[in-house]
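Any value given below was found using the heavy atoms of this structure, including those in side chains, with hydrogens, waters and symmetry copies removed.
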Amino acid sequence: MQAKSILSVVALTTLIAGSPFAAGCKTTAEASVTEESVEAVPVAIEDPLTEEHDGGSVGWDFAPDGTVKAIVKAPDGKPIDKDVSGTLTWKGPNGDAQAPLALDAKTGLLVATGPKLEADLTEVKYNIIVAGKPWNGTLHLPSGGTKVIVEGARKAEKRPIPPGKTGPNGGVIQVVGDDTIEVVADKASGQVRVYVLDADLKPVPVGDRKIKLGFVGQGSELVVLTPGPGGLYCVGKVAAKVNPVKLTVVVAHPTHADVVLVGYRPGVHVIVGSSAPALNVVVATTWNVDVRVKTTPGVVVVHDDDDDDDDGRPVHIHVHGKHKHHKHGHAHGHWK
C-alpha cells in the first residue's frame with residue numbers, strides 16, 4: 001500500500017511538470033490576483049463593546065496589553081473603511097497618554113497601541129472622525145479590557161433584575177459577579193452609596209469588598225468609595241449631581257474583582273450622546289448632612305445622615321457645659 005502511494009505522488013508530480021500548470025505558468029485566475037487588486041476585507045471583532053452614535057456605531061476591543069481594535073459601521077450595519085480616523089486618550093495618575101487610531105487597509109479596522117490597562121478602572125476618551133463628523137465618547141476599562149465587561153454582562157444575565165425594580169433606597173440594582181448591589185446618589189449633596197443586597201434585596205454588611213465607580217454623563221469621573229459607618233455601605237461623592245448615561249462598577253474582593261457596565265447586555269449597543277437614556281441613580285434622599293449651631297445657648301442641631309429611619313429630621317442636642325465638644329455632656333433628643 002505504501003509503495004502504491006509513493007508511485008501515485010511521483011506520477012502526479014510528473015504530470016504537473018509537463019503540463020501548462022508547471023512552475024512559471026499561471027492560470028487566468030491566478031494572473032488576475034495581484035497585491036494591488038486585493039481589497040480590505042473587514043474582519044469581525046469577537047465580543048466587541050459597541051457604542052451607538054447618531055451616524056453609526058463603533059465596536060471596541062481593548063486588550064490588557066494596550067492594543068486596540070475598533071470597527072466602525074454605518075446605521076445599516078455595513079463597515080465604514082474609508083474617510084475614518086481617530087484619537088484615543090488614556091487618563092492616568094501621571095498625566096494623559098494619546099495614540100492615533102489608524103485604518104488597517106487589510107482588515108478595515110481602526111487600530112492603535114496605548115498604555116497597558118493596569119488599574120481597576122482606566123478612563124479612555126475617544127474622538128473618531130467619520131466623513132468629517134466627530135464621534136466622541138468615554139470608556140471606563142478594567143485591567144482585563146473590554147472582554148471582562150462582556151463576561152460580566154453574561155454572568156449578570158443569569159440573574160436578571162425585574163424591569164423597573166429599584167433598590168430599598170430608590171437606586172439602581174445591578175448584579176456584579178456573585179453580588180447584587182444598589183447604587184444610589186443624593187440629589188442635593190452628591191453623596192453616592194453602594195449597598196450590597198441579599199436575595200430579598202435587603203442591605204447586608206459590605207465586608208472586605210472595595211468598590212470603584214466610573215460615571216459618564218455631562219462629564220466623566222472616577223469615584224473611589226470607602227466603607228460607611230457600621231460597614232453597611234460604601235460611600236463617596238460625585239461632582240455631577242445628575243443621572244449618568246453610563247456607569248461602570250468594580251467590586252474587588254481579596255482574591256478577584258468583578259466588573260459590570262450597569263444595564264449592559266452582550267450584543268446590545270450602548271447608546272451614547274444626547275439620545276442616551278439616563279440611569280436612575282441620583283434621587284432625593286435624607287442624607288444631606290447639616291450641622292448648625294442655634295443661637296440658643298448650649299443647643300446644637302444635627303441633621304443626621306447615618307440613620308436611614310429618621311427621615312432626615314433634625315435632632316436637638318442639648319450640650320451641658322460652655323463648649324459644644326464637652327466630653328461629659330449628654331443629649332436629649334427632641335424631634336421636630
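Looking at Glu182, its side chain does come within 3.5 Å of a backbone N or O of Asn169 through a donor-acceptor pair. Using a distance-only test at 3.5 Å, with no hydrogens or angles considered, a donor-acceptor pair links the side chain of Lys241 to the main chain of Ala188. The closest donor-acceptor contact from the side chain of Asp186 to the backbone of Thr285 lies under 3.5 Å. A donor-acceptor distance shorter than 3.5 angstrom exists from the side chain of Asn243 to the backbone of Val282, with no hydrogens or angles considered. At distances below 3.5 Å, at least one donor-acceptor pair connects side-chain atoms of Asp198 with backbone N or O atoms of Asp200. At distances below 3.5 Å, at least one donor-acceptor pair connects side-chain atoms of Glu221 with backbone N or O atoms of Ala240.
Of all heavy-atom pairs between Gly55 and Pro75, the closest is O-CD, 3.2 Å. The two residues Leu232 and Val206 have their closest heavy-atom pair at C-CG2, 3.8 Å. Of all non-hydrogen atoms in Gly170 and Asn280, the two that sit nearest each other are O-ND2, 3.4 Å. Closest non-hydrogen pair, Leu225 versus Cys234, comes out as CB-CB, 3.7 Å. In terms of heavy-atom proximity, Ile71 sits nearest to Ile45 at N-CD1, 3.7 Å. The shortest non-hydrogen separation linking Gly236 to Val223 is CA-CG1, 4.3 Å.
Counting only heavy atoms from C-beta outward, the side chains of Thr180 and Val196 never approach each other to under 4.5 Å. You'll find the side chain of Asn127 stays beyond 4.5 Å of the side chain of Trp135, heavy atoms only. Counting heavy atoms from C-beta outward, Asp178 and Lys155 have side chains that approach closer than 4.5 Å. Between Ile173 and Thr166 the shortest side-chain heavy-atom distance does not fall below 4.5 Å. Using a 4.5 Å cut-off on side-chain heavy atoms (C-beta onward), Lys69 and Asp104 make no contact. Residues Val184 and Tyr195 meet the side-chain proximity criterion, which asks for heavy atoms closer than 4.5 Å. Two residues are said to be in side-chain contact when any heavy atoms from C-beta on lie closer than 4.5 Å; Pro277 and Ile271 meet this criterion. Looking at heavy atoms from C-beta onward, Thr113 lies out of side-chain contact with Val68 at the 4.5 angstrom threshold.
Linking Ile, Leu, Val, Met, Phe, Trp and Tyr residues whenever their side-chain heavy atoms come within less than 4.5 Å leaves Val245 and Tyr126 in two separate clusters. Val172 and Leu213 fall within a single hydrophobic cluster, where Ile, Leu, Val, Met, Phe, Trp and Tyr are joined by side-chain heavy atoms under 4.5 Å apart, directly or via other members. In the hydrophobic cluster analysis, where Ile, Leu, Val, Met, Phe, Trp and Tyr join through side-chain heavy atoms closer than 4.5 angstrom, Leu261 is grouped together with Val250. The cluster map of Ile, Leu, Val, Met, Phe, Trp and Tyr, joined by side-chain heavy atoms under 4.5 Å apart, puts Trp60 and Leu117 in the same cluster. No continuous path of ILVMFWY side-chain contacts below 4.5 Å connects Leu247 to Leu121, so the two sit in separate hydrophobic clusters.
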Q. Could you go step by step and tell me if Ser220 and Glu123 meet the side chain to side chain donor-acceptor pair (under 3.5 Å) rule?
A. CA-CA 9 Å; Ser220 61; Glu123 182 174 297; 3.1 Å; yes

Does the pair Val175 and Val260 meet the rule for a side chain to side chain contact (heavy atoms under 4.5 Å, CB included), with working shown? CA-CA 8 Å; Val175 172; Val260 296; over 6 Å; no

**Test log, rule salt bridge (charged side-chain N to carboxylate O under 4.0 Å, His left out), inputs Arg154 and Asp47** = CA-CA 11 Å; Arg154 286 203 179 100; Asp47 291 334; 2.8 Å; yes

From CA spacing to verdict: side chain to side chain contact (heavy atoms under 4.5 Å, CB included), Lys246, Leu139 | CA-CA 9 Å; Lys246 290 199 304 179; Leu139 303 166; 3.7 Å; yes

Begin with the C-alpha distance, continue with both residues' side-chain angles, and end with the deciding distance and a verdict on salt bridge (charged side-chain N to carboxylate O under 4.0 Å, His left out) for Asp96 and Lys91. CA-CA 5 Å; Asp96 297 350; Lys91 298 286 184 177; 3.2 Å; yes

Next item on the list: Test side chain to side chain contact (heavy atoms under 4.5 Å, CB included) on Thr248 and Val262 and set out the steps.
Entry: CA-CA 6 Å; Thr248 308; Val262 174; over 6 Å; no

Exercise for review: Mind running side chain to side chain contact (heavy atoms under 4.5 Å, CB included) on His53 and Val272 for me, showing each step along the way?
Suggested key: CA-CA 6 Å; His53 294 260; Val272 298; 3.4 Å; yes

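Atom CG of Asp61 is separated from atom CG of Leu110 by 13.0 Å, given to the nearest 0.5 angstrom. Once rounded to the nearest 0.5 Å, the distance linking OG of Ser57 with NZ of Lys73 reads 6.5 Å. Taking CZ of Arg209 as the start and CD1 of Ile181 as the end, the distance is 10.0 Å to the nearest 0.5 Å. For the atom pair His269 NE2 and Leu49 CG, the distance stands at 10.0 Å (nearest 0.5 Å). How far OH of Tyr264 is from CD of Gln174: 12.5 Å, rounded to the nearest 0.5 Å.
Using bins of under 30°, 30° to 60° and over 60° for the plane-to-plane angle, the ring pair Phe62/Trp90 lands in the perpendicular bin. Classification of the His256-His253 ring pair by plane angle, with boundaries at 30° and 60°, yields parallel.
Atom NZ of Lys147 has more than 12 neighbouring heavy atoms from other residues, nucleotides or ligands inside a 6.0 Å radius. The 12-atom threshold is exceeded at CD of Glu157, counting heavy atoms of other residues, nucleotides or ligands nearer than 6.0 Å.
Side-chain N/O atoms of Thr89 and Lys125 include no donor and acceptor closer than 3.5 Å.
The side-chain contact (heavy atoms from CB on, under 4.5 Å) test with Leu101 singles out one residue from Thr87, Ile129, Ile128, and that residue is Ile128.
Here Lys133 does not pair with Asp54 in a salt bridge; the nearest charged N to carboxylate O distance is not below 4.0 Å.
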